[in-house]
Each structure stands twice: as C-alpha cells, then as structure tokens.
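Before any comments, here is the structure.
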Number of protein chains: 2
Amino acid sequence: MSSGQSQKPSAEAQAHHYDPSKYERPSVTVDVVMMSIRQSDLQVLLVKRRSWPYEGMWAIPGGFVRIDESLEDAAKRELHEETGVQDVYLEQLYTFGDPGRDPRMRVITVVYYALLDSERLQVRAADDASDVGWFSMYNLPELAFDHAKILAYTLQRIRGKLEYTTIAFNLLPEQFTLRELQRVYEIILHRKLDKRNFRKKILSTGILEDTGAKKMEGTHRPARLYRFNPAAVARQ
Amino acid sequence: MSSGQSQKPSAEAQAHHYDPSKYERPSVTVDVVMMSIRQSDLQVLLVKRRSWPYEGMWAIPGGFVRIDESLEDAAKRELHEETGVQDVYLEQLYTFGDPGRDPRMRVITVVYYALLDSERLQVRAADDASDVGWFSMYNLPELAFDHAKILAYTLQRIRGKLEYTTIAFNLLPEQFTLRELQRVYEIILHRKLDKRNFRKKILSTGILEDTGAKKMEGTHRPARLYRFNPAAVARQ
DNA sequence: GCAATAGTGTCTCTAAGACACTATTTA
DNA sequence: TAAATAGTGTCTTAGAGACACTATTGC
C-alpha cells in the first residue's frame, strides 16, 4: 500500500502504531530535463553549481517538492521559473533514489522531461547571463551527481517514444513543414531518414492537417505548412 | 539538479543557505505490485487494511523507504517479506504523489511491479490465513487510496512490454512448453492467439532453447520443454 | 481406435525501406 | 536559366494474421 502504515501480518504490531515522524525521512526533489531543438541540435538546459558538492559542474535544474503541490505541479513550476514558458509537454521519466547519490543527505528525485518549442523560448534568450546554459545532448559537459545517467536515460526514452507517439510535435511551432518535422526526427534518432518514406509514413497516419499556407523562404519552391491534428490521434 | 540546493540565480540567496530540515517533508513509500499466473489468471497480491483510512479495503503492499536503502532494495525487501521469494523480476512503474492521495499525510509512493513464477510461490500457500490474498487483475475488490489507478496503469505497462521484451518468461518456471508460454501471453493480453502464428513468431526470434526433455502429462502427446536463452536476447 | 493435446505450412496483405526524377520559386 | 529546395511512385522484402490437418501418447 502506498500509505503510512504497513499491513504485513509479520510486522503488524509495529505497523499498526507506526509513527513516521519518528523516522529519518529522505528529501524529495523534482528535476526537469528541458529539451529543445536549437541550432539543428537537441539541446538541454543546465544550471551551473556554485557550491559543494560538484561545485562548478553543470546540473539538471530542480528543487524541493512543496508539501502541498503535486509532483507534476512542482515540475511545471521549475520549468516556468527556468524558461518562462507554460503549457508545455511534460512527462515523468523515472525516480532516482540511491543512497549516496547526493553526499549531503538522502535525496530521492522524481525526474520529468519537457519538450519545448524553441520559438516560444526566444523571449528569454538573454537569460544566458552566467550560470544557465543550453548544451547539446550529444556533447555534454561534466555533470554533477548522477545526472549523466539521467540524461542518457532521457534520450533513450524519447527515442523510443518518438516511434509510437506524437511527442515530436511539441518541439515545433503550431505550423511547420514536413522537412522541419523530418529534421526533428533525424536529430533525435541521430540518423538520416529517407525523405519519401518519411513523408509517406507521416501523411498516411492522417495526424497532419494541411493549413493551406506555404512557407516562403529563400530562392526556391515554398513548402506547405502543416498543423498537428490531435483529433486524428484520438480516432486511431 | 537533484540535490538539496537550488541553483537558480533568482533564488540564489536562499538557495545557497538552504536548510531542508526546516521544511515539512513528504513521506516516501515503495509499493510493490506482485503478480503471478494462478488458476489460468493474472493475479495480484493484496493486503487488507485494518484501520483508518480505507479500513477493510484491499491495498497494494508497501512500506517506508529506509534512510539507507535504495528504492529497489526497499521493493525487494517488501517482496521478500510478502512472498518469501528472492531474485525476482522487478521494475519501477511510476511515482504517484498527489497531495491528498493519503488523508493522513503527504505520501509519495514509488511503485514497482514484480512478475513471479507461481511454482516458486507454492511454499507459502498457507499464507492466506487472513489479510493477504491473491486477486484477479480482471476482477479486483474495492481498493484503498489511488490503488485502482495504479493497477490499471500496471496492466497497461506490462501489456506494452510483453510485445517487445522477454518479461513473460518471468512468470514461468525454468522449463516450460510453448503452450504454457502462449497461455501467459493470452492471459495478459486478454485475448486468444493463433497457435501456429504464436509458435512461428517466438521460435523465429531464437530466444528459446529446446531442452530435449518432454512434458508427459495426461493421456495425450507430450510437449517439448523449452528454456529461455538470455544469450540470444543480447545477440539481437 | 478413441480422446486429448502437440505440432506443422501456405497464402494474403500490409508496412518498411531502397531508390531518382520533376515542380516551383527567386534572382 | 540557374540555384535551391519541395514534392512524388514503384519495387522488393519481411512480418503479421487467417486458416486445417497430421502426429503422438495413454487408456
């Protein structure tokens, strides 16, 4: 049970009168892996540590879960504080809680990841004053705690989800071309995809809606702009 | 970051001298969804609550995470206490932490699930004295807390994993017939599978090894006994 | 030889992947 | 008309699923 009392017969006596306040409790934090497509690359937002332990190293942003907020609310708050954006795709990744992962005390961290449309981020581009920065998921700096492991696991997860979900759309603005969508897939999967097969597959699912508009850019044929059609996903 | 200190510039002053002991902390428990194939059914081990809240209702077994044990160790301990078995397939499912999910206090629970070979369980069959019982995942009693939601999510997860992993083997003894393996798939997916297609697909993966032995049982042709070959999985 | 379960092969259909040319725009 | 990117179709192959009969055992 997920409760304050154990129900095992073997431990019944203590369990029944268990007072959790008597026991030392771990701290619970929420860390948020915020990713976006920037400079044709999959990048993650990291913060630089200013004190022991791991002073000067980069870390995934996070903080304590407040006593009256849900885990997801804590993650949303963290996300908003760091990037200023709201209404973002957010998903729980995994909970890491090995004793000793933080030398100061026992910390259990529930990790979420967020996929951000870079266009909505540009507002806070000046944020890069000092100790917050975007890094390529393929070329990370030295990371504090077990954060290298967490980012490796995140990448694995979003690659898996890319195949059978619509998470890629969260990295693009509302309207986008098929080529832009293909680039998102290529960047995350880290390999080239065949243009004809990609378009055939995506369009055959029916999850895209032609907006009728075209993206004029440069001295070449303009591309159609599509829009994600959530209704089509539900229909499947 | 997954640590005791926030690194946001905005909160730097407090963050730098943050003392987590000043704040009210949530409790952290580990709940374990223990499942096994029993009576041609997918069953789950539940414990009956003896006190408020949800008195008399059934719940997923669980307990507090000790300050010096990992989450997985806590889950293993819980599993061993309830079933007496060790070396079991165990995987983290999800972390549930909405405020109010336990009316007594803020409890964040990291849920694991375990798939047990029913043959190894028979030793403790007499355990069903009073407040521990096996229930069909398809016909659950009224459950305490948010445990109905947790079990629904568990079923969804193992169905997904069945397709692209080898978790099914954890529900069978070391040697088993193809018919027995097919029954495991049918019970979890909750639909009939075609015998020829099932055998073709499983055997084509090469993850099974013919033991040479046969299972004689009843008045009919005996079936070949196979063994799971983990080496073949790695090779894939 | 009867009852009961084990074990086997073919055909169809769909989806994935390899692969190269035409269309449209601006300068 | 040149440069640059958008957009399109066919063939092959692999895997999924529908489908029915023969093989082996104990009694």
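Reminder, nothing fancy here: chain letters follow the sequence lines and each chain counts from 1.
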May I have the distance from Arg199(A) (atom CZ) to dA6(D) (atom C1'), rounded to whole angstrom?
6 Å
Do the ring planes of Tyr153(A) and Tyr94(A) sit parallel (below 30°), tilted (30 to 60°) or perpendicular (above 60°)?
perpendicular
May I have the distance from Glu163(B) (atom CD) to dA16(D) (atom C1'), rounded to whole angstrom?
12 Å
Output the rounded distance in Å from CD1 (Ile202(A)) to P (dA15(C)).
14 Å
Arg77(A) with Glu69(A): basic N within carboxylate O range, under 4.0 Å
yes
Write down the distance between CG (Leu203(B)) and P (dG7(C)), rounded to a whole number of angstrom.
10 Å
Using only heavy-atom distances, decide whether a donor-acceptor pair under 3.5 angstrom links the side-chain of Arg196(B) to the base of dA20(D).
yes
Is the phosphate of dA4(C), meaning OP1 or OP2, less than 4.0 Å from a side-chain N or O of Arg221(B)?
no
Interatomic distance, Leu178(A) CG vs dG7(D) P [rounded to whole Å]
7 Å
hbond_proxy Lys200(A) side chain to dG7(D) base (donor-acceptor, 3.5 Å cutoff)
no
Spacing of Tyr226(A) atom OH relative to dA6(D) atom P, expressed in whole Å:
12 Å
Ser70(B) side, atom OG; Arg101(A) side, atom CZ - distance, nearest 0.5 Å:
12.5 Å
What orientation do His190(A) and Tyr138(A) show, parallel under 30°, tilted 30 to 60°, or perpendicular over 60°?
parallel
For Lys195(A), which contact category applies under a 4.0 Å heavy-atom criterion: base, sugar-phosphate, or nothing?
base
Report the distance from atom CZ of Arg224(B) to atom P of dG7(C), rounded to the nearest whole Å.
6 Å
Quick one: on DNA chain D, does His220(A) or Leu225(A) contact a more 5' nucleotide (nearest heavy atom)?
His220(A)
More 5' along DNA chain D: Ala223(A) or Met216(B), using each one's nearest nucleotide?
Ala223(A)
Within this structure, what is the CD-to-P distance between Glu217(A) and dG7(D), rounded to whole angstrom?
13 Å
5' priority, DNA chain C, between Thr177(B) and Asn197(B) [closest heavy atom]:
Thr177(B)
If you measure from the Lys or Arg side-chain nitrogens to the Asp or Glu carboxylate oxygens, is any gap between Arg227(A) and Glu174(A) under 4.0 Å?
yes
